[in-house]
Amino acid sequence: MSAGRFSDFDHQCMARALELARRALYTTDPNPRVGCVLAHDGLIIAEGFHARAGEPHAERNALATAGEHARGATAYVTLEPCSHTGRTGPCADALIDAGVARVVAAMQDPNPQVAGSGLQRLRDAGIQVDTGLQEADARALNPGFVLRMSQGRPLIRIKAAASLDGRTAMASGESQWITGPEAREDVQRLRARSSAIVTGIGTVLADRPSYTVRPEQWRHGEYADGPVRAPLRVILDPALRTPVDSPVVTADGPCLIAHADQPGAAPDDRRRALEHAGAELLALPRARAASDSAEPAATARAEQRGLDLHAVIAELTRRECNEVLVECGATLAGAFVREALFDELIVYLAPTLLGADARGLLDLPFERMDQQVRLQWRDLRRVGDDLRLTLAPV
């Protein structure tokens with residue numbers, strides 16, 4: 001069935017399924033957010049959503065509520081029912097066993113383990129299958145999952161707070177607070193939906209951030225009950241200078257410190273102290289330059305370079321990260337931009353001026369107009385007294 005031939009009731013049920021899926025915006029990682037509605041004779045008879053990895057999927061939660069009433073019903077699902085056995089059994093089989101007559105899926109699952117096989121299994125069982133209803137909204141619910149399954153990498157957001165003249169801190173490094181409480185609350189939501197938060201050693205030393213998620217500041221019952229999953233905190237620290245008592249290390253939740261893999265870059269006593277404090281250490285290569293050579297001067301330059309950001313993202317992909325939030329200073333943020341390793345740039349713009357001597361937004365040492373990075377608008381909205389600008393690379 002084409003998307004244009006769905007009934008008003010079909011649209012109503014899928015909209016409700018999407019609403020249910022959003023309730024798990026901060027809890028399902030690394031699984032996708034999925035909602036399901038069961039309807040019969042123009043009435044919704046059961047609902048469900050997937051709350052956490054390892055717990056029942058949306059379809060099974062809805063079927064458990066419907067019981068025998070599921071027979072002959074239509075199931076509206078925001079993502080193709082799975083056909084493989086992971087921590088739970090295949091949802092396609094559960095729908096078949098329950099005797100549903102029709103399944104409407106917003107989109108095909110990009111996971112190669114499914115990728116149409118769930119829909120085909122339903123068709124083979126004689127169930128009517130229609131797809132494509134409100135697909136854009138369904139994809140928008142799981143942008144990182146879709147990217148990781150289809151392109152082998154997570155969605156990367158760079159977040160910054162700046163003054164109207166594009167400054168992020170005073171020359172001394174003082175930066176609290178540029179934006180207002182509403183914007184800082186909004187950042188909590190960005191962190192909570194992220195699989196990992198990436199920062200640099202410069203920010204860790206200067207600001208002593210914790211990068212924790214504090215949902216008590218903004219949750220109002222519209223999301224899944226229970227604790228919000230703590231994102232992985234990732235520190236890019238080539239020379240392993242992270243203090244053992246850094247809040248980003250000692251706060252609840254996992255912390256990964258990536259350091260350079262050269263001999264001597266990570267002293268054993270420092271490694272043991274950080275591991276004892278709860279951090280996981282990982283050696284990664286430094287960024288390469290076109291002029292790399294065996295000459296002593298080139299070796300000295302290499303020791304000053306940061307880590308290979310592509311290796312960082314490859315490691316986060318291996319760890320099943322769907323959405324990565326980069327919160328850091330101008331140097332590291334500029335490196336992500338120069339490497340074209342970002343999907344969104346989110347800037348909270350405050351109605352204040354910090355002056356010409358204050359620190360800039362991104363370190364991009366361009367010299368020619370043809371080096372500029374063109375962006376396109378994704379969203380512009382007011383958050384308290386500030387503006388939230390969301391842009392994407394062209």
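In this text the structure is predicted, and so the values were computed from the model without any measurement.
Under the 4.5 angstrom side-chain criterion for Ile, Leu, Val, Met, Phe, Trp and Tyr, W177 has no cluster partners at all. Cluster partners of L354, by chain and number: M170, I178. The rule joins Ile, Leu, Val, Met, Phe, Trp and Tyr whenever side-chain heavy atoms lie under 4.5 Å apart. Grouped by direct or indirect side-chain proximity (heavy atoms under 4.5 Å, Ile/Leu/Val/Met/Phe/Trp/Tyr only), L43 sits alone.
Although no hydrogens or angles enter the test, the distance criterion places a donor-acceptor pair under 3.5 Å between the side chain of Q376 and the main chain of P393. Remark: side-chain polar atoms of E80 are paired, donor with acceptor, to backbone N or O of S117 under 3.5 angstrom. Checking side-chain atoms of T28 against main-chain N and O of R52 turns up no donor-acceptor pair under 3.5 Å. A donor-acceptor pair is defined here as one N or O able to donate and one able to accept, closer than 3.5 Å; no such pair exists between the side chain of D207 and the backbone of P209. R60 contributes a side-chain N or O that, together with a main-chain N or O of P90, makes up a donor-acceptor pair within less than 3.5 Å. The backbone N or O of S194 sits less than 3.5 Å from a side-chain atom of R229, completing a donor-acceptor pair. In this structure, the side chain of R23 does not engage the main chain of L25 through any donor-acceptor pair within 3.5 Å. Put simply, the side chain of H50 gets close to the backbone of P56: a donor and an acceptor are under 3.5 Å apart. With hydrogens and angles ignored, the 3.5 Å screen pairs no side-chain donor or acceptor of R378 with any backbone N or O of T390. Remark: the backbone N or O of L361 is not paired with any side-chain donor or acceptor of T168 at under 3.5 angstrom.
Under the 3.5 Å distance criterion, with hydrogens and angles disregarded, no donor-acceptor pair is assigned to the side chains of D386 and T179.
Atom CG of D8 sits in a sparse spot, with 12 or fewer heavy atoms from other residues, nucleotides or ligands closer than 6.0 Å. Environment of CD in E68: sparse, with no more than 12 heavy atoms of neighbouring residues, nucleotides or ligands closer than 6.0 Å. Counted within 6.0 Å of CG on D252, heavy atoms from surrounding residues, nucleotides or ligands total 12 or fewer; the atom is thus considered open. The number of heavy-atom neighbours closer than 6.0 Å to CG of D245, taken from other residues, nucleotides and ligands shown, is above 12.
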Between D130 and R5, does the side chain to side chain contact (heavy atoms under 4.5 Å, CB included) criterion hold? Intermediate values first, please.
CA-CA 10 Å; D130 301 312; R5 294 177 56 194; over 6 Å; no
Intermediate values then yes/no, side chain to side chain contact (heavy atoms under 4.5 Å, CB included), Y348 and R184
CA-CA 9 Å; Y348 293 88; R184 298 196 295 274; over 6 Å; no
F366 vs V373, test: side chain to side chain contact (heavy atoms under 4.5 Å, CB included). Steps then yes/no.
CA-CA 10 Å; F366 295 160; V373 178; 3.9 Å; yes
Decide yes or no on side chain to side chain contact (heavy atoms under 4.5 Å, CB included) for T199 and I197, but give the supporting numbers first.
CA-CA 7 Å; T199 193; I197 300 171; 5.6 Å; no
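Salt bridge R272/E275: absent, no basic N to carboxylate O contact under 4.0 Å. Look at E19 and R16 and you find a salt bridge, because one of the NZ, NE, NH1 or NH2 atoms lies within 4.0 Å of a carboxylate O, short of that distance. Taking the charged nitrogens against the carboxylate oxygens, R288 and D308 have no contact shorter than 4.0 Å, which rules out a salt bridge.
Partner of L282 under the side-chain contact (heavy atoms from CB on, under 4.5 Å) criterion, out of V234, D261, L256: L256 alone. Residue V104 is tested with V37, L133, V129 for a side-chain contact (heavy atoms from CB on, under 4.5 Å); the sole match is L133.
Shown here for D363 and R338, the closest heavy-atom pair between the two residues is O-NH1, 2.7 Å. When all heavy atoms are compared, the tightest approach of A162 to V347 is CB-CG1, 4.2 Å. Across every non-hydrogen atom of R368 and Q371, the tightest pair is N-OE1, 2.8 Å.
One finds the CG atom of L18 at 5.5 Å from the CD atom of Q134 (value rounded to the nearest 0.5 Å). In this structure, CE in M107 is found 6.0 Å from CD in E135, a value given to the nearest 0.5 Å.
Residues I257 and L332 are members of separate hydrophobic clusters, defined by side-chain heavy-atom contacts under 4.5 angstrom among Ile, Leu, Val, Met, Phe, Trp and Tyr. Note on L364 and V326: same hydrophobic cluster, where clusters join Ile, Leu, Val, Met, Phe, Trp and Tyr whose side-chain heavy atoms are under 4.5 Å apart, directly or indirectly.
Contact annotation: the side chain of R270 never approaches that of H259 to less than 4.5 Å [non-hydrogen atoms, C-beta and beyond]. Looking at E182 and D385, their side chains never come closer than 4.5 Å, going by heavy atoms from C-beta outward. The side-chain heavy atoms of I313 and H310, taken from C-beta on, include no pair separated by under 4.5 Å. Here the side chains of F49 and R33 are not in contact, with every heavy-atom distance at 4.5 Å or above. Side-chain contact check for V249 versus I235: some heavy-atom pair is nearer than 4.5 Å. Annotation: side chain of I44 is in contact with side chain of C13 (closest heavy-atom distance under 4.5 Å). Residues I346 and V187 have side chains not in contact (no heavy-atom distance under 4.5 Å, counting atoms from C-beta outward). Side-chain contact between L122 and P81 is present, with heavy atoms from C-beta onward closer than 4.5 Å.
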What side-chain donor-acceptor pairs closer than 3.5 Å can you find for residues 70-79, not counting sequence neighbours?
from	atom 1	to	atom 2	distance (Å)
Y76	OH	D10	OD1	2.6
T78	OG1	G35	N	3.0

Give every donor-acceptor pair under 3.5 Å between a side-chain atom in residues 145-156 and any protein atom, sequence neighbours left out.
from	atom 1	to	atom 2	distance (Å)
R148	NE	N322	OD1	2.7
R148	NH2	P30	O	3.4
R148	NH2	N322	OD1	3.1
S150	OG	V146	O	2.6
R153	NH1	D343	OD1	3.3
R153	NH1	D343	OD2	2.8
R153	NH2	D343	OD1	2.8

Cut-off 3.5 Å, no hydrogens considered: what does the side-chain donor-acceptor table look like for residues 91-99, sequence neighbours left out?
from	atom 1	to	atom 2	distance (Å)
D93	OD1	R121	NH1	3.0
D93	OD2	R121	NH1	3.1

